[in-house]
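Just so we're on the same page: letters track the sequence lines, and every chain starts at 1.
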Amino acid sequence: MLPNMYHSTQAVSQKLSCVHISAWRKLTEKKGTSFFFFKRGDTSSKGKTTHHNLSYSREVRRLQILTVDQGNFFRVLVKTQGSNSSNCGRRKLRSMAAWDLSVTVEDLGPDAPPVTISVASDLHIGGVIVKLVEKTQIKRDWSDHALWWEQKQHWLLRTAWTLEKYGIHADARLLFIPQHKPLKLGLPNGKTLMLKACFSNPVFQTVMGICRMLNIRHPEELSLLRPVEEKKKKKDKDMAEEIYDLTEVPLSMVSRPCLYNGMPAHFADSEQMEAVYKMLSITQPPPAPEVITKQYRPASVVDKAHINGRWLDSSRCLKQQGIQENDRLWLRFKFYSFYDIDPKYDVVRLAQLYEQARWAILLEDIDCTEEEMMLFGALQYHINKVSLSEPRMLTSNTALDDLESALQSLEVKMEGESSSASDLLENMTAPELNDYLKIFRPKRLTLKGYKQYWFKFQDTSISYFKSKEESIGEPIQQINLKGCEVAPDVNVAAQKFLIRLLIPAPEGMNEVYLRCENEQQYAQWMAGCRLASKGKSLADSSFQSEIQSIRSFLAMQKTNSGSSNNAASNDESINTHSLVSPRYHKKYKPKQLTPRILDAYQNVAQLSLTDALMRFLQIWQALPDFGLSYVVVRFKGSRKDEVLGIAPNRLIRIDLGVGDVVKTWRYNNMKQWNVNWDIKQVAIEFEGNVNIAFGCITADCKIVHEFIGGYIFMSTRSREKSETLNEELFHKLTGGHEAL
Amino acid sequence: MDDIDAMFSDLLGEMDLLTQSLGQETVPPKPLPSAEQEINLSIGFNDLNASLNELEDNDLDALMADLVADLNATEEKLAAEIQGLDVPPSSSSDQPPPPKGLSFQPASSITSSSTSPGNNNTSSSVTTPSSSNTSPLPPPPPQSAKPTMEEIEAQMKADKIKLALEKLKEAKVKKLVVKVLMNDGSSKTLMVDERQTVREVLDNLFEKTHCDGNVDWSLCETNHELQLERTFEDHENLVEPLLAWTRDSENKVLFQERKDKFEVFKNPQNFYLWKKDKKTLKDMKDKDKELLVQENFCGSSIIVPDLEGVLFLKEDGKKSWKQRLFQLRASGIYYVPKGKTKSSRDLVCYVQFDNVNVYYGKDVKNRYKAPTDFCFVLKHPQIQKESQYIKYLCCDDAWTMNLWVTGIRIAKYGASLYENFKTAERKAAVSSAIWTNRSTPSSSGPSTPTPTIKAKAPTQANGHAPKPQAGPPHLDTDNLPPPPPPLNEILPPPPPDPVLPPPPPSLTSKPSPHQQRSNNFPPPPPSMDSLPPPPPPPPMDNSEDPPDFLPPPPPPTSYSSMPPPPPPSHPASFGGNATRSLPHPSPEPEFLPPPPPDPVVLAPGAPPPPPPPPPPPVATPRAAAQPRKMPPAPPKRTTPTLTGGGGGGGGGGDFMSELMSAMKKRTDN
């Protein structure tokens, strides 16, 4: 209601406890943050009021800041329109007169003339709508419709308010339109979803509604982003893009959180809906390398900063921000502070979070080292593999089924236990591998090369003998592989299958090469070495799966080298370029990447799907640059552009010339921050009399304000035990003048 | 042979009864395993004999005590398992432990180290790796039986098999005798089992040394050959790194207070905000510190301090040192190659942490011509000698080195580190509570002042006793998961002289009646499991200076497989007024679970509820160590022994001796 105002918010994040609101209020009042000098007509009155009071004085139409004091004093010109509530006599007079109000009803078609109704100024909005509906003579559910005031760009949602109170006159252009309209939503996984979103509530609530429909908890971490314009060259291709449709979901259904068949009830209606849920909850296969290269990649911090200028304002509605029906928006995690991830309830959230992280890495949105990239690649490979092999049970989760399957699994478990017991007994005579292999020990300085021996793999050790016949006696040598490093040296085309072992000994590491004859042999012995290096014996349950994964990596190498195209290997194999960022496409051929990813893979091969997802996210979160949202700013007193990085717990200042972090400020040292909306400047005060101020260049200062307030809000969550989202607090911290 | 088979099948039947309350299946004897076992036994016997002979007397005694505690624990566990059964635990034994501990080594699997290096040398406290087994193998469980359809039976069967398997596993557990060097130059010898974590060993040491148990106490490893040193992390298993030592190494295990161990949790700002100026860091409020810890250790991923700086690097196998800009990341240490930028993508990985440990290097200036003496080292734990695979990095000052070492530990161990700290804090709170309690006058006077009261113990006790923490710590303890320290106190059986049968004179003389059995002791392995242990502590008590060798720590076994000890009752008993006024009532709640009521030794027909032990004789080792304050603990400790002894007298005795003589016969033949 107050378009221009110097808003001040107190943030003492440290003191943000459960009593946060009251503390905030108190501070505001105590400091008398807002003194207003009101001017109405000729009579000027001096009023002292808090933000709150102001927001209720709806008569105030326009405020204009006349002077802005350094601190907290404002001089405001207030222009009122229409009558004042205190002006009872005049209002009564007016109310007598009836006048014509014309309203465009969207449902009548684009060319239909506006509907004109006769109203009086004291008619409330509800009455207007009733009259309107009567006039159209269409019988349907109008409950989602509301009036939109075109000139003022806002909704008339308070049906009890009179036209007079809203200040509506005959010249007002009003639209009668539904509040929920279809929207194309780009998801973190790259898919597009069509759903009905609320255009009338603040975006924060719109996102809440979307997340409720998609079954994503903690919607406060997400927001909507204007998409990056795609180059229109390849428009033909984009036309083919599949759009998942959720517009048919009745809005009333969504509010019920009950699960049916393991998914929200509205997804269980039809097969299409189930398909949508699958798309949401199951991670996507690795994208083709061309898809990655084709996508926009930020090349510098400044590029990364530009994306943050696209966030929608959480405290205003979609319609106010110029979003039209069927427009395209991206749904993304905005605040990198993921609270209470529980794989049991967060299936969709986890999948989408993973997708966002994956793309951030593939598109080099966040920097990592080569080793880290290989590990990310290995995890992606593993996640894809496991999600194919263990699709989450979607169909058999009703209560009855639950019981039954629980009983069944109990049985299986018991059988399994006893069988594993007998397995364990057999462990006393553990499985072993026996074969002729060739060995080479570079350390010995022999140039003889590989010598063939009879090898025996038992427990975690390898022993070798002159020949099979002599294998009963003492081995020539026994090598314990526990704690050793295992590396592959394989070239399928050249039929080279080497296992390189670095075996720790008191004197250092001994290097040993084992040469296998063929794939089969290699896969077995390699798997054995891998397990043994981790202290696991061949009897370990993962032995077979380890063999499998080694073989599938071998298959990858085969297909990548282009020698074979058989269908069998196709579903197993992935182009390794799909797993790493384009930088490594240039640096390595797929063939070269395979062993490196396989190398990293051995550390994650045992993980379950959920664990692998979590591990991926953990490594992502452990990257030094994680969680930074950049904005190009200009600090007060500085002449050059610099970059402000906003992290979940701190702000950093980055010098563009050097690319270095110059300064770090932590939120919990922050005393207060202020935004001057006129000159678009954010001023922050930290403990110890540290004051900084900067103007925002690549993003509106509202976006910066919202980031800072939002992170402070996120940090209050852990202390409040209540499950319900404290929306009011969020708006207080992020809303600026809008919230008041 | 037939005899033995028959005996075994009987025994198995018995075990069956013990392990499943409704056992209906008849058990086919399994002769083979027993035979195998015997072969193993004899091997183990010889080797151990040799190795143990080299031990000092003191060490031997301590070792004995440990072993006995082991047995007790096993027995107690079993007792708990079979609680509620009518079958009285059969027992072989109240024979005293034979002097050399031989009979306790029915080793079936011998670890690599069967000879003990020169640890007769008193000056150097060398760890003696030796190997032994906990309870000997029970023969593989009788599996067969008629297949039953009912679930319960299946369940029972599964349980049974599981139990048997557990025992089999236990039998394979490696153990080491470790000599730990104290700050004052003295040493303690204790038995450490493969599964025991450093934390558990520390707890044992707290017990033995009566130190205040604050969080800084650590076990450190020094490598003499390489002049390296590191603090073991509390969650590590102690045995594994020690096994990597070479046989003739002069490496040591130290027990000392290390400030740097948990410094990062006490002053996180020094590590996470090290770039800020010193003054603001110093003035950091506790609340801010807490927030920092929360932020970095309690999130969904552990955050590694943002470390970057120029370090000197000793190139592989070369003698020169080069300067490079290094960066610490969660995934490893990286450096910026020449002519490249600091951006992540250009970084070159120097080392990842999966296979290396971080050590402090000593005397590097002299040894390697290092630019400074502040050097940390990364190497595979198994490397014990000079090698090109050892990585040396040199810092400008001690503080930088500390930053890096701590940072690397965070990257390597992650959440475990914080867990360790929290556990250590809880332990410290508990032990300080105990000390506080102990400082309150207690009824029983120290009747037997022992000749050697260690200077250290009393002072520490005094130093920490007055801490007025009694209140809060108690609250603390109430919430605790079973606190091991009190548990310890239950287990180590101190000598309840008056109650027990004639305490066998220690090392030298064996009472003849027992002798035969003690010789035979090893063969009947099952007995150990199913039986209450012999009451061997007496010899220990008689033979050595109590303060030096306090009741042995319980074997770790007890932690893992013990039925839930009665944790809540501990704090209660410690804090409760009962403890203060009369020491003995406290055992009552404590021992309800484990030992079956024992009618034999106790006063006629003593029912379970009344406190089993008569107010125990005061002359316990602990009392000796702490003459002034009679802690509530000792009486408790007597109990298991009593019951154990009682078990010894129990019904199984005859059976066991029969078995043993049969075995004897067989071996003789």
Side-chain angles (χ1 to χ4, degrees), chain A residues 13-14 337-341 364 366-373 375 410-411 414-415 417-418 420-422 424-425 428 482-485 502-509 533 535 581 583 603 614 617-626 648-649 659-661 664 666 668-669 687-688 715 718, chain B residues 140-141 143 151 154-155 157-158 161-162 164-165 168-169 225 244-246 249 273 275-276 280 285 287-288 291-292 294-295 298-304 306 327 329-332 334 341-349 352 354-355 379-390 411 414:
Chain A
S13 68
Q14 255 259 275
S337 163
F338 313 117
Y339 182 52
D340 181 32
I341 295 180
E364 290 164 15
I366 182 165
D367 269 346
C368 64
T369 64
E370 195 171 315
E371 283 73 17
E372 286 156 355
M373 182 61 85
L375 185 51
L410 186 69
E411 265 168 50
M414 281 178 20
E415 272 168 36
E417 243 163 52
S418 53
S420 78
S422 53
L424 259 168
L425 275 181
M428 307 293 155
K482 208 169 163 186
C484 77
E485 286 175 32
L502 260 185
I503 297 149
E507 297 78 23
M509 308 292 263
S533 73
S581 74
R583 167 179 312 277
N603 288 322
M614 295 299 268
L617 295 179
Q618 273 166 12
I619 302 171
W620 176 50
Q621 290 177 69
L623 293 176
D625 293 341
F626 167 79
N649 59 356
D660 259 359
V661 176
T664 304
R666 294 168 50 80
N668 57 321
N669 288 329
E687 275 166 25
S715 71
S718 40
Chain B
Q143 304 200 339
E151 273 193 353
Q155 178 69 53
K157 188 178 159 195
I161 291 171
K162 226 167 138 192
L165 281 170
L168 281 176
K169 266 191 204 154
E225 171 116 14
W245 290 5
T246 52
S249 85
L273 307 175
K275 285 177 190 159
K276 303 244 180 203
T280 42
K285 280 173 248 150
K287 234 183 165 183
D288 288 338
L291 203 80
L292 263 180
Q294 291 273 325
E295 226 169 58
C298 303
S300 43
S301 88
I302 304 296
I303 309 296
V304 173
D306 178 23
Q327 203 185 71
R329 296 169 75 100
S331 57
Y334 294 77
T341 63
K342 281 201 302 187
S343 90
S344 304
R345 54 186 76 134
D346 290 334
L347 293 176
V348 176
C349 186
Q352 294 189 297
D354 299 329
N355 289 321
K379 72 165 183 74
H380 194 290
Q382 289 199 292
I383 300 180
Q384 297 291 321
K385 300 195 165 124
E386 287 296 350
S387 150
Q388 54 165 333
Y389 295 95
I390 305 179

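Taking Glu225(B) as the reference, nothing meets the salt bridge (Lys or Arg N to Asp or Glu O under 4.0 Å) condition, with sequence neighbours excluded. For the side chain to side chain contact (heavy atoms under 4.5 Å, CB included) test, residues two or more places apart in sequence or in another chain that qualify with Gln382(B) are Pro504(A), Ala244(B), His380(B).
Between Lys276(B) atom NZ and Asn669(A) atom CG the span is 6.0 Å, to the nearest 0.5 Å. The line from CD of Gln384(B) to CD of Glu507(A) is 9.5 Å long, rounded to the nearest 0.5 Å. Distance check, rounded to the nearest 0.5 Å: CG of Leu375(A) to CD of Gln352(B) gives 8.5 Å. Of the inter-residue distances, the one linking Leu291(B) atom CG with Asn649(A) atom CG reads 9.0 Å to the nearest 0.5 angstrom.
For Leu502(A), the part sitting under 4.5 Å from any heavy atom of chain B is the side chain, from C-beta outward, and nothing else. Looking at Glu295(B), the atoms closer than 4.5 Å to chain A (heavy atoms on both sides) all sit in the side chain, from C-beta outward. Only the side chain of Leu273(B) has a heavy atom closer than 4.5 Å to any heavy atom of chain A. When heavy atoms are compared at a cutoff of 4.5 Å, Asn355(B) approaches chain A solely by way of its side chain, counted from C-beta outward. With a 4.5 Å cut-off on non-hydrogen atoms, Lys379(B) does not touch chain A at all. Of the two parts of Asp354(B), only the side chain, counted from C-beta on, holds a non-hydrogen atom closer than 4.5 Å to a non-hydrogen atom of chain A.
Here the side chains of Asp288(B) and Arg666(A) are not in contact, with every heavy-atom distance at 4.5 Å or above. Using a 4.5 Å heavy-atom threshold, the side chains of Asp660(A) and Lys342(B) count as touching. In this structure, the side chains of Ser387(B) and Met509(A) stay at 4.5 Å or more apart for every pair of heavy atoms. In this structure, the side chains of Val348(B) and Glu370(A) stay at 4.5 Å or more apart for every pair of heavy atoms. The shortest side-chain heavy-atom distance between Thr664(A) and Lys275(B) does not fall under the 4.5 Å cut-off.
Taking both residues in full, the closest heavy atoms of Ala330(B) and Ala622(A) are given as CB-CB, 3.8 Å, listed atom of the first, atom of the second, then distance. Arg329(B) and Asp367(A) get closest at one heavy-atom pair: NH2-O, 3.9 Å.
For the set Gln621(A), Gln618(A), Glu372(A), the entry with the most heavy-atom pairs within less than 4.5 Å of chain B is Glu372(A).
When only modelled atom types and interatomic distance are considered, Ser331(B) and Glu371(A) share no side-chain donor-acceptor pair under 3.5 Å.
Formation of a donor-acceptor pair under 3.5 Å by the Lys385(B) side chain with backbone atoms of Ala505(A) is not found in this model.
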